[in-house]
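Take a look at the structure set out below.
Below, all heavy atoms of this structure are taken into account, side chains as well, without hydrogens, waters or symmetry copies. Below, chains carry the letters A, B, ... as their sequence lines are ordered, and counting in each starts from 1.
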Protein chains: 2
Amino acid sequence: MKLLREIIAAIRPLDVDAERGASARLEMLTKPSGSLGYLEDYVRRYAAIRHDSAARFGGGALMVFVGDHGVADAAVSAYPKAVTVEMLRNIGAGGAAISVLARSFSYRLLVTDVGVETDTSSQPLPGVRYRRVGAGTCNFLEGPAMSLEDASRALEIGIETTHEATAGGATLVGVGEMGIGNSTSAAAILCGLSGLEARRLVGHGTGLDDAGWERKVGVVEAALQLHRKSFDDGIQTLAAVGGFEIGAMAGACLAAAANKLPVVIDGFIATAAAAIAEKICPGLSSYMFFGHRSAEGGHSLVLELLGARPILDLGMRLGEGTGAALAMKTIESALALFHGMATFASAGVSGKVE
Amino acid sequence: MKLLREIIAAIRPLDVDAERGASARLEMLTKPSGSLGYLEDYVRRYAAIRHDSAARFGGGALMVFVGDHGVADAAVSAYPKAVTVEMLRNIGAGGAAISVLARSFSYRLLVTDVGVETDTSSQPLPGVRYRRVGAGTCNFLEGPAMSLEDASRALEIGIETTHEATAGGATLVGVGEMGIGNSTSAAAILCGLSGLEARRLVGHGTGLDDAGWERKVGVVEAALQLHRKSFDDGIQTLAAVGGFEIGAMAGACLAAAANKLPVVIDGFIATAAAAIAEKICPGLSSYMFFGHRSAEGGHSLVLELLGARPILDLGMRLGEGTGAALAMKTIESALALFHGMATFASAGVSGKVE
């Protein structure tokens with residue numbers, strides 16, 4: 001908890017002067033005022049978060065956390081639990097969607113096993129970091145998913161990973177995840193924190209049929225009832241119905257803010273992590289970009305509650321950080337325009353008729 | 001007209017077998033079925049347009065056409081007409097938004113003067129191709145914007161430019177424009193072809209105030225009345241109220257289809273060109289991707305009429321092909337995923353529980 005307290009204490013307000021400086025330059029570029037739309041907002045917020053009116057870009061890093069869920073035993077997923085470790089291997093080996101996007105965009109990919117059921121650390125998978133909290137969470141239908149100590153440890157892993165991304169020179173990070181069963185955990189977190197009914201937020205995950213969806217709703221409702229005393233607190237919520245990878249993403253969000261690093265949230269599950277981080281440190285979401293509107297369950301509704309306008313809306317529901325990666329590329333393009341465009345003065349272009 | 005007739009005759013239906021082949025591979029990739037959302041649609045359509053189930057990507061090209069408008073004399077723009085040639089220079093020199101994006105994404109940029117008022121061809125601007133139909137169009141409040149011969153010539157320039165992009169190896173193209181006054185021309189075209197009222201489609205262009213907007217609505221209404229007999233025909237519509245750069249973009253759309261080249265339409269003005277191309281050759285829009293929802297005027301409404309879901313929605317209203325460029329990058333990312341991801345079999349990942 002010491003590391004977490006230090007991180008929260010290190011978070012500074014956004015730099016309004018840097019934002020103003022970026023705004024002033026945006027007005028000088030050879031385009032009608034405001035005509036780059038939200039791209040201009042992204043530049044301004046990036047500058048404010050970075051405390052850098054020049055909005056310099058040093059590189060992107062994607063932090064993908066992978067863990068298993070005890071609740072997967074309640075048949076809440078269309079895929080078997082074994083897929084978690086198989087996909088961990090695939091992500092590390094470069095064959096998963098997020099591996100391809102990271103390669104395409106030249107973003108550093110930090111893939112971390114935070115608690116996959118099958119322990120491969122004795123014969124490490126290529127491209128995988130091992131920071132295991134345990135061999136998957138407990139089934140939260142029978143008790144808390146994890147102890148408070150393990151919840152803290154998960155948060156710390158996210159913090160440490162973000163420090164590593166920062167040390168590597170990244171000035172923009174994204175968070176994503178993989179873990180069979182984790183859309184059930186995310187739905188429970190988001191219902192618990194928002195008070196919304198399970199059937200409004202539960203989605204079909206990787207492809208549940210309607211009967212499976214009803215079962216999943218029942219699981220979330222039971223969990224909400226069992227853990228109803230946990231939802232006034234972010235860390236207790238994480239311990240009650242969360243996952244190790246969700247905790248790590250929440251820790252990464254907190255550390256990103258402390259490190260003046262804009263963080264791009266992926267989809268439904270990463271948003272649950274963002275909600276926990278916001279619960280731990282109210283106001284934190286001003287450091288976050290919501291990468292895309294996921295097609296999963298009630299993501300639209302949650303984004304609305306958060307007052308967030310996602311960058312992309314491509315009907316994706318894959319996770320792994322794929323929506324975050326595409327959104328990071330959009331932010332990077334906005335920064336490229338900011339840095340690369342001529343000004344009215346330098347290009348000799350006439351201004352508006354007054 | 002001969003070139004135009006040849007192009008239209010060369011357009012073949014989309015290849016459903018190639019689409020089916022791409023679909024089959026999409027199902028084999030290590031992700032839940034359909035979880036890449038619209039990115040999967042983009043791959044399938046790309047394959048169908050290219051007649052290539054492997055959906056190979058050879059490179060992108062952005063075709064930006066620049067021309068002046070006689071109607072700008074009616075004070076329909078917030079910027080003086082001189083800005084057209086100044087921006088032509090800026091685009092060619094690499095300082096405009098589209099120059100920056102083309103460079104960032106390694107897309108070929110074909111910038112063509114199709115009829116800027118100030119003729120710079122005797123001392124050619126760097127990075128600019130000269131295919132001038134004339135020194136700007138006539139004011140369409142006083143008669144047709146151009147002759148039918150000039151309308152054909154504009155279309156042909158778009159066709160020839162697309163052939164050049166194809167010869168250079170591009171397998172994905174985007175169309176964009178610059179020309180002070182051309183959002184007035186685009187609004188007149190779209191109203192004329194759709195029957196919608198001027199005030200539903202006219203926008204604030206580069207930043208008109210409300211009085212300027214009212215004036216612009218009046219100009220479009222007067223043009224619709226004057227040229228009401230022209231709107232049953234695409235080429236006559238172009239001649240009556242169009243622009244050289246709009247004609248060239250329409251020609252590019254037709255040639256793209258004939259060359260089995262997916263074409264990404266930029267914003268409001270490029271959509272007017274797409275509408276002319278669709279009028280000339282009904283069904284053509286199946287070869288088009290609409291790059292983004294522009295913040296300009298009635299673009300949302302027009303997209304709805306066309307049944308088109310834009311790829312991006314970033315509140316942009318700059319033109320130049322900037323929205324098309326960002327959308328091309330999104331399509332390219334979809335193709336990278338299609339080509340780079342492992343299959344369930346190759347990665348040893350378990351399938352869905354049946």
Side-chain angles (χ1 to χ4, degrees), chain A residues 29-39 41 75 77-80 82-83 86-87 89-90 93-97 99-101 103-105 205-207 295 311-320 322 325-326 329-330 332-333 336-337 339-343 346-353, chain B residues 29-39 41 75 77-80 82-83 86-87 89-90 93-97 99-101 103-105 205-207 295 311-320 322 325-326 329-330 332-333 336-337 339-343 346-353:
Chain A
L29 301 177
T30 49
K31 60 172 184 56
S33 176
S35 62
L36 285 172
Y38 288 100
L39 298 185
D41 290 345
S77 176
Y79 284 81
V83 167
E86 292 164 356
M87 282 304 296
R89 176 184 292 114
N90 191 29
S99 330
V100 174
L101 291 179
R103 204 156 59 226
S104 291
F105 300 158
T206 49
I311 295 175
L312 300 172
D313 185 4
L314 295 166
M316 295 166 68
R317 51 179 174 79
L318 174 55
E320 299 177 8
T322 49
L326 289 162
K329 188 68 197 169
T330 308
E332 192 191 336
S333 297
L337 288 163
H339 299 134
M341 283 178 71
T343 62
S346 73
V349 173
S350 308
K352 213 165 155 175
V353 179
Chain B
L29 302 177
T30 48
K31 61 174 183 54
S33 177
S35 62
L36 285 171
Y38 289 100
L39 297 185
D41 289 346
S77 176
Y79 283 81
V83 167
E86 292 164 356
M87 281 303 297
R89 176 184 293 115
N90 192 29
S99 331
V100 174
L101 291 179
R103 205 156 58 227
S104 291
F105 300 158
T206 49
I311 295 175
L312 300 172
D313 185 4
L314 295 166
M316 295 166 69
R317 51 179 174 77
L318 176 54
E320 298 177 9
T322 49
L326 288 162
K329 188 67 196 170
T330 309
E332 192 192 337
S333 297
L337 287 164
H339 299 134
M341 283 178 71
T343 62
S346 73
V349 174
S350 308
K352 213 165 156 177
V353 179

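Interface remark: Leu326(A) contributes side-chain atoms only to the contact with chain B (heavy atom separation under 4.5 Å). Proximity to chain B (any heavy atom under 4.5 Å) is shown, for Ser77(A), by neither the backbone nor the side chain. Interface remark: Asn90(A) contributes side-chain atoms only to the contact with chain B (heavy atom separation under 4.5 Å). Contact annotation for Ser99(B): neither backbone nor side-chain heavy atoms come within less than 4.5 Å of a heavy atom of chain A. With a threshold of 4.5 angstrom between heavy atoms, Ala97(A) approaches chain B through its backbone and through its side chain.
Across every non-hydrogen atom of Pro32(A) and Arg317(B), the tightest pair is CB-NH1, 4.4 Å. Between Leu314(A) and Ile311(B), the closest heavy-atom pair is CD2-O, 3.6 Å. The nearest pair of heavy atoms linking Met316(B) to Leu36(A) is CG-O, 3.5 Å. Thr30(B) and Ala96(A) make their closest contact through OG1-CA, 4.3 Å (heavy atoms, listed as atom of the first residue, atom of the second, distance).
At a threshold of 4.5 Å between non-hydrogen side-chain atoms, the residues Asp313(B) and Asp313(A) do not count as touching.
Comparing Gly351(A), Ala295(A), Ser346(A), Gly94(A) by heavy-atom pairs within less than 4.5 Å of chain B, the highest count is held by Gly351(A). Per-residue heavy-atom pair counts under 4.5 Å with chain B were compared for Gly205(A), Gly37(A), Ser33(A), and the maximum is reached by Gly37(A). Most heavy-atom pairs under 4.5 Å with chain B: of the set Glu332(A), Lys329(A), Met87(A), this distinction falls to Met87(A).
To the nearest 0.5 Å, the span separating OG1 on Thr322(B) from CG on Leu39(A) amounts to 8.5 Å. Between the NE2 atom of His339(A) and the OG atom of Ser104(B) there is a distance of 11.0 Å, given to the nearest 0.5 Å.
Glu86(A) places a side-chain N or O within donor-acceptor distance of the main-chain N or O of Ser350(B), the cut-off being under 3.5 Å. In this structure a side-chain-to-backbone donor-acceptor pair under 3.5 Å is missing from Lys31(B) to Leu318(A).
Among residues two or more places apart in sequence or in another chain, the ring pair (Phe, Tyr, Trp, His ring centres under 6.0 Å) test is passed with Phe105(A) by Tyr107(A). For the side chain to side chain contact (heavy atoms under 4.5 Å, CB included) test, no residue two or more places apart in sequence or in another chain qualifies with Ala93(B).
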